[in-house]
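Please read the structure below before turning to the comments.
Read the numbers this way: they start at 1 and go in the same order the structure lists the ligands and their atoms. Heavy-atom basis, side chains included; hydrogens, waters and symmetry copies ignored.
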Amino acid sequence: MAVNLKGKSFLTLMDFTPAEIRYLLDLAHELKAKKKSGIKGRILEGKNIVLLFEKTSTRTRCSFEVAAMDEGAGVTFLDSKSSQMGKKETIADTARVLGRMFDGIEYRGYEQAVVEELARESGVPVWNGLTDVDHPTQILADIMTIEEHIDKPLNKVKVVFVGDVRNNMAYAWMYGCAKMGMEFAAYGPKELCDGVDPEVLKRANAAAAETGAKITVTDDDACLKGADVIYTDIWASMGEEDQIPERVRMLTPFKVTEELVAKTENPDDIFMHCLPSFHNFDTTMAAEQMKLGYDIREVTEEVFSGKNSVVFDEAENRMHTIKAVLVATLA
Ligand code: CP
Ligand code: NVA
């Protein structure tokens with residue numbers, strides 16, 4: 001059956017079939033080739049979208065803006081300081097107002113319930129630009145990048161996510177791998193493995209049962225063997241900065257070093273990271289935390305800048321995959 005996503009929100013990969021995700025990935029590859037060949041697009045001409053950010057962003061905001069503008073759409077950006085949302089106006093009223101003016105709404109914030117409410121109340125497609133428990137547009141970009149660098153079908157690819165196994169990226173990966181029939185291990189300290197939401201695992205395992213995917217959460221480094229992708233993320237996500245001392249204590253043994261990567265025993269493995277990343281002390285946050293005695297680097301400079309690192313291809317692909325989501329749901 002032909003895939004038609006027009007009018008549909010993009011809140012989590014769990015709402016999409018493997019064929020629909022395949023469609024979005026193929027469209028992203030196609031739109032990337034189109035942009036590289038210099039063809040200007042007009043697929044979204046006459047459309048207007050609004051971007052709501054309650055947390056900071058570089059990649060996601062820029063991806064939505066460039067993707068929309070590349071295809072002729074207008075873009076409005078609102079952050080929590082410059083809008084009434086949440087303070088003087090409910091989420092539901094905000095959604096109803098924005099739905100009268102815009103053809104689609106991007107939201108980045110805390111609770112998943114907020115993107116769900118925006119989608120319910122606005123009457124237009126809503127796209128999840130990251131919540132505390134999911135980051136679906138990132139996974140599309142990551143899978144696209146895997147397809148560009150690993151010469152194997154997705155159902156033969158093994159991804160190991162190292163670190164904070166109960167954060168939004170780990171959960172988003174569980175869903176992505178489950179849907180696309182991939183092998184996935186979340187590798188982190190026992191305390192964090194024990195904190196993985198059982199509902200998330202249950203949902204991912206139910207999808208995995210249909211696709212042949214394998215989802216594991218473990219503190220055993222044996223899971224690294226045979227990995228095609230080593231993926232990590234910062235140790236304290238946005239909103240969790242007060243937990244840095246605790247996270248550094250738990251996660252230092254899981255810092256992605258050349259020694260850890262060697263355990264894949266796969267010379268063709270790739271290193272991936274959603275970014276932003278602490279891989280040196282050249283940011284104010286990494287430097288300030290080091291002064292307090294906390295080394296918050298989740299990956300070493302050698303791995304981050306090494307020959308197997310594809311992190312900047314991944315960042316670029318945020319834009320191409322977000323463009324695919326906009327085109328598929330709006331045009
Ligand atoms: N990876 C990602 O979402 O980056 P930003 O926080 O910069 O948007
Ligand atoms: N886990 C990170 C992802 C950033 C893209 C965070 O939520 O801050």
(Q) Can you report which non-hydrogen protein atom sits closest to atom 7 (O) of ligand 2, along with the distance? (A) N168 ND2, 2.8 Å
**Q.** For N167, atoms of ligand 2 separated by under 4.0 Å from a heavy atom
**A.** 1 (N)
Q: Report yes or no: is the cationic atom of K55 (NZ for Lys, CZ for Arg) under 6.0 Å from the centre of the six-membered ring of Y110, at an angle within 45° of the ring normal?
A: yes
Q: Please state whether the rings of H279 and F304 are parallel, tilted or perpendicular, taking 30° and 60° as the class boundaries.
A: parallel
Q: Indicate if F312 and V66 have the same hydrophobic cluster label, given that clusters are the connected sets of ILVMFWY residues with side-chain heavy-atom separations under 4.5 angstrom.
A: no
Q: Check ligand 2 against L275 and write out every atom of the ligand that is under 4.0 Å from a heavy-atom position of the residue.
A: 5 (C)
Q.
I'd like to check the side chain to side chain contact (heavy atoms under 4.5 Å, CB included) partners of K81; sequence neighbours left out, ordered by chain and number.
A. D79
Q. Is D233 in polar range of ligand 2, meaning some N or O pair under 3.5 Å apart?
A. yes
**Q.** Those residues that, when tested against S309, pass side chain to side chain donor-acceptor pair (under 3.5 Å) (two or more places apart)
**A.** none
Q) Measuring from M169:CE to T232:OG1, what's the distance to the nearest 0.5 Å? A) 10.0 Å
Q) Looking only at protein heavy atoms, which one is nearest to atom 8 (O) of ligand 2, and how far off is it? A) M238 N, 2.8 Å
Q | Other ILVMFWY residues reachable from L98 by side-chain steps of under 4.5 Å | A | L11, V50, L52, L78, M85, I91, V97, M101, F102, I105, Y107, V114, V115, L118, V124, V126
Measure and list all N/O to N/O distances between ligand 1 and the protein that fall under 3.5 angstrom.
{"from": "ligand 1", "atom 1": "1 (N)", "to": "Q138", "atom 2": "OE1", "distance (Å)": "2.9"}
{"from": "ligand 1", "atom 1": "1 (N)", "to": "C274", "atom 2": "O", "distance (Å)": "2.9"}
{"from": "ligand 1", "atom 1": "1 (N)", "to": "L275", "atom 2": "O", "distance (Å)": "2.9"}
{"from": "ligand 1", "atom 1": "1 (N)", "to": "R318", "atom 2": "NH1", "distance (Å)": "3.3"}
{"from": "ligand 1", "atom 1": "3 (O)", "to": "T60", "atom 2": "OG1", "distance (Å)": "3.0"}
{"from": "ligand 1", "atom 1": "3 (O)", "to": "R108", "atom 2": "NH2", "distance (Å)": "2.9"}
{"from": "ligand 1", "atom 1": "3 (O)", "to": "H135", "atom 2": "NE2", "distance (Å)": "2.8"}
{"from": "ligand 1", "atom 1": "3 (O)", "to": "R318", "atom 2": "NH1", "distance (Å)": "3.1"}
{"from": "ligand 1", "atom 1": "4 (O)", "to": "R59", "atom 2": "NE", "distance (Å)": "2.8"}
{"from": "ligand 1", "atom 1": "4 (O)", "to": "L275", "atom 2": "O", "distance (Å)": "3.4"}
{"from": "ligand 1", "atom 1": "6 (O)", "to": "R108", "atom 2": "NH1", "distance (Å)": "2.8"}
{"from": "ligand 1", "atom 1": "7 (O)", "to": "T58", "atom 2": "N", "distance (Å)": "2.7"}
{"from": "ligand 1", "atom 1": "7 (O)", "to": "R59", "atom 2": "N", "distance (Å)": "2.8"}
{"from": "ligand 1", "atom 1": "7 (O)", "to": "R59", "atom 2": "NE", "distance (Å)": "3.2"}
{"from": "ligand 1", "atom 1": "7 (O)", "to": "R59", "atom 2": "NH2", "distance (Å)": "3.0"}
{"from": "ligand 1", "atom 1": "8 (O)", "to": "S57", "atom 2": "OG", "distance (Å)": "2.6"}
{"from": "ligand 1", "atom 1": "8 (O)", "to": "R59", "atom 2": "N", "distance (Å)": "3.4"}
{"from": "ligand 1", "atom 1": "8 (O)", "to": "T60", "atom 2": "N", "distance (Å)": "2.9"}
{"from": "ligand 1", "atom 1": "8 (O)", "to": "T60", "atom 2": "OG1", "distance (Å)": "2.7"}
{"from": "ligand 1", "atom 1": "8 (O)", "to": "R108", "atom 2": "NH1", "distance (Å)": "3.4"}
{"from": "ligand 1", "atom 1": "8 (O)", "to": "R108", "atom 2": "NH2", "distance (Å)": "3.1"}

Q. Can you find an N or O of S237 that's nearer than 3.5 Å to an N or O of ligand 2?
A. yes
Q | Pairing of E298 and R247 as salt bridge, 4.0 angstrom limit | A | no
Q: Would you mind listing which atoms of ligand 2 come within a distance below 4.0 Å of any non-hydrogen atom of L130?
A: 3 (C), 4 (C), 5 (C), 7 (O)
(Q) Does R61 qualify as a cation-pi partner of F77, given the criterion of NZ or CZ under 6.0 Å from the six-membered ring centre and within 45 degrees of its axis? (A) yes
